[in-house]
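Read through the structure below, which is laid out as structure tokens, and then see the notes.
Here the structure is a predicted model, which means the values were calculated and not measured.
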Amino acid sequence: MNKPEWAEGVVTRVPYWVFQDEDVYRAEQERIYRGPVWSFLCLEAELPRPGDYRTVSLGDMPVIAVRDDDGEVHAFENRCVHRGALLAYDDGGNARDFTCAYHNWRYDRTGALKSVAFQRGVQGKGGMPKDFCLSQHRPKRVRTARLHGLVFGTLSERTPPLEEFLSPVIVERIGRVMHKPVEIIGRFKQTLPNNWKLYLENTRDSYHASLLHVFFTTFRINRLSQRGGLIVSPGGEHAVSFSALDKTAQSSAEYDAEKLRSQVDGFSLADPSLLQGFDEFPEGVTLQVTSVFPGFAIAHVRNTLAVRRIVPRGVRKTDLYWTYMGYVDDTPEQRKMRLKQLNLVGPAGFVSLEDGMIGGFVQRGIPGSPEEQAIIEMGGEATGTQDTRATEASIRGLWKAYRRYMGI
């Protein structure tokens, strides 16, 4: 692909070839996913007992995350060192060890190779060479770190400590949601027909929320006229969008004047209790989405609590994993409300449905114009924290960080 130059330091224009080029995708795997970043692997609540594991990913590299007898969480490449087959095939489970189905090479919960079937041969014939040493062969180790019940992994020794990578303000916002023990109440996997970066943009794009999502605006859950803002980490990698339900701002002259597609009258809910909910955070914020580079988001929308794991599967394909949570000490009434409000988010959610399609619309819209550029100027050129959500500052911050990691 002919790639026009991306002017140095520019983040208000993003060339469309960055979503289309195979060489760019391969470089992302090396410089970002196998580079000095922490990628979200799973929730500790998904590994409650020794031997519990989840199959996850670092970019396109399959990974096993597993809890050992001492409570430690280990992670390693989900690949037999013999001939490359997967060691674990399902989404998760419980295992004493991991044995390759192909030739029965066996690994412990740290990824160490423990035995090879017929290593000494059969009836004195065949087998591995006498100097073959089990300890010299193992899948790639993944360093792990835990924070507020979240497990992150990295392949790089250059990756800074997790809290430093995230920055104090992002650690605080994650802790706001994960301030007490959680349990898993649901899961979905969604395949998106677009580049992974388009969905990552979406997780930190608060400007679109009440424009794309008819449900948000119609039922006054989220409007740009409500109290809220953006928080962007110093390097631009991570961002938080938040808003508070403001009953005094339900009628907005700005929205009426714009004659927006999302400004629709006549819709109602057969079950209005879906939106009643309960107040559980003292500052009155009813929506917070924290987006962590390169592929993680944790969201609180009214009374839903969910994490999203973004996994690239090629230039034009992304897998999105949703994991829904409730607090261990939820009352039966609170848990019922959380489960009911799961109708808001997820692949078919009243709110999130459009997020699953809009990236595909972009991917389908740009093939003929790789030399053209997206315009990222809402709110000016700033890449930092702002007290408005009518801005693309957090997206500019993302591209600032992306260019730094990619060296472009």
Side-chain angles (χ1 to χ4, degrees), residues 6-15 18-19 24 27-41 58-59 143-148 150 152-177 195-207 229-242 288-299 307-310 312 374 376-389 391-408:
W6 190 354
E8 183 177 354
V10 171
V11 292
T12 58
R13 296 289 189 275
V14 177
V18 80
F19 304 109
V24 169
E28 289 168 350
Q29 298 303 309
E30 291 301 319
R31 299 176 189 177
I32 295 177
Y33 285 100
R34 306 197 214 326
V37 304
W38 288 101
S39 293
F40 174 72
L41 299 180
L58 277 179
R143 291 171 53 208
T144 61
R146 292 181 276 174
L147 174 74
H148 293 313
L150 307 177
F152 290 82
T154 182
L155 285 166
S156 175
E157 293 300 323
R158 298 184 295 114
T159 310
L162 178 58
E163 294 195 14
E164 179 183 331
F165 171 75
L166 293 173
S167 80
V169 67
I170 300 300
V171 171
E172 177 187 0
R173 285 290 169 153
I174 290 174
R176 173 186 175 272
V177 175
N195 189 271
W196 65 277
K197 299 183 293 297
L198 289 170
Y199 191 81
L200 184 59
E201 278 191 331
N202 179 273
T203 64
R204 59 186 66 205
D205 180 355
S206 56
Y207 166 42
L230 294 177
I231 299 169
V232 185
S233 66
E237 291 97 327
H238 324 300
V240 181
S241 172
F242 66 93
Q288 175 185 288
V289 179
T290 302
S291 177
V292 173
F293 185 85
F296 170 65
I298 179 169
V307 297
R308 306 176 215 172
R309 185 165 55 90
I310 304 166
I376 317 291
E377 287 191 355
M378 192 71 175
E381 297 184 358
T383 60
T385 297
Q386 298 193 4
D387 61 359
T388 178
R389 291 173 298 131
T391 177
E392 292 168 319
S394 58
I395 299 177
R396 291 189 289 273
L398 164 64
W399 290 111
K400 173 184 172 182
Y402 178 87
R403 298 198 68 172
R404 184 172 71 251
Y405 282 107
M406 290 289 289
I408 58 175

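Looking at V18 and W6, their side chains come closer than 4.5 Å, going by heavy atoms from C-beta outward. Side-chain contact check for T12 versus E392: every heavy-atom pair is 4.5 Å or farther apart. Residues W399 and K197 are in side-chain contact: their nearest non-hydrogen atoms beyond the backbone lie under 4.5 Å apart. Contact of the W38 side chain with the V292 side chain is not registered, since no non-hydrogen atoms from C-beta on lie closer than 4.5 Å. Contact check for V240 versus Q288: side-chain heavy atoms found under the 4.5 Å cut-off. Under the 4.5 Å side-chain criterion, counting only non-hydrogen atoms from C-beta, L58 is in contact with L41. Between V169 and T385, the closest side-chain pair of non-hydrogen atoms is not below 4.5 Å. Between F242 and T290, every side-chain heavy-atom pair lies at or beyond the 4.5 Å cut-off.
In this structure, F165 has its ring center no closer than 6.0 Å to that of F152.
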For the pair I310 and T203, evaluate side-chain contact (heavy atoms from CB on, under 4.5 Å) and give the outcome as yes or no after the intermediate values. CA-CA 10 Å; I310 304 166; T203 64; 4.2 Å; yes
Apply side-chain contact (heavy atoms from CB on, under 4.5 Å) to T383 and V232, showing your working. CA-CA 7 Å; T383 60; V232 185; 5.7 Å; no
Checking side-chain contact (heavy atoms from CB on, under 4.5 Å) for the pair L162/R146: CA distance, chi angles, key distance, verdict? CA-CA 8 Å; L162 178 58; R146 292 181 276 174; over 6 Å; no
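Y207 OH to L230 CG: the interatomic distance, rounded to the nearest 0.5 Å, is 13.0 Å. Annotation: the span from E172 atom CD to R176 atom CZ amounts to 10.0 Å, rounded to 0.5 Å. A distance of 9.5 Å separates CD in E201 from OG in S394, rounded to the nearest 0.5 Å. Summarising the geometry, atom CG belonging to D387 is positioned 11.5 Å from atom CD1 belonging to I231; distances are rounded to the nearest 0.5 Å. To the nearest 0.5 angstrom, H148 atom NE2 is 9.5 Å from I298 atom CD1. With rounding to the nearest 0.5 angstrom, the CZ atom of R34 is 11.5 Å from the OG1 atom of T154.
N195 approaches F19 most closely through the heavy-atom pair ND2-O, 3.5 Å. When all heavy atoms of P294 and L200 are compared, the pair lying nearest together is O-CD2, 3.3 Å. Between R158 and S156, the closest heavy-atom pair is N-OG, 2.9 Å. Summarising the geometry of P234 relative to K400, their closest heavy-atom pair is O-NZ, 3.9 Å, with the distance given to 0.1 Å. Minimum interatomic distance between L166 and V171 (heavy atoms only, all atoms of both residues): CB-CG2, 4.0 Å. Taking both residues in full, the closest heavy atoms of R204 and G236 are given as NH1-O, 3.4 Å, listed atom of the first, atom of the second, then distance.
Of the N and O atoms on the side chains of R389 and S206, not one donor lies less than 3.5 Å from an acceptor on the other residue. Side chains of S233 and S167: a donor-acceptor N/O pair is absent below 3.5 angstrom, by distance only. In this model, no donor atom of one side chain and acceptor atom of the other lie less than 3.5 Å apart for Y405 and E28.
Listed for the R308 side chain is no donor-acceptor partner under 3.5 Å among the backbone atoms of F296. Within the 3.5 Å criterion, the main-chain N or O of S241 finds no donor-acceptor partner in the side chain of R173.
Taking the six-membered ring where tryptophan is involved, the planes of Y402 and W196 are tilted, since the angle between them lies from 30° to 60°.
Between R396 and E377, none of the side-chain N atoms (NZ, or NE/NH1/NH2) sits under 4.0 Å from a carboxylate O, so this pair counts as no salt bridge.
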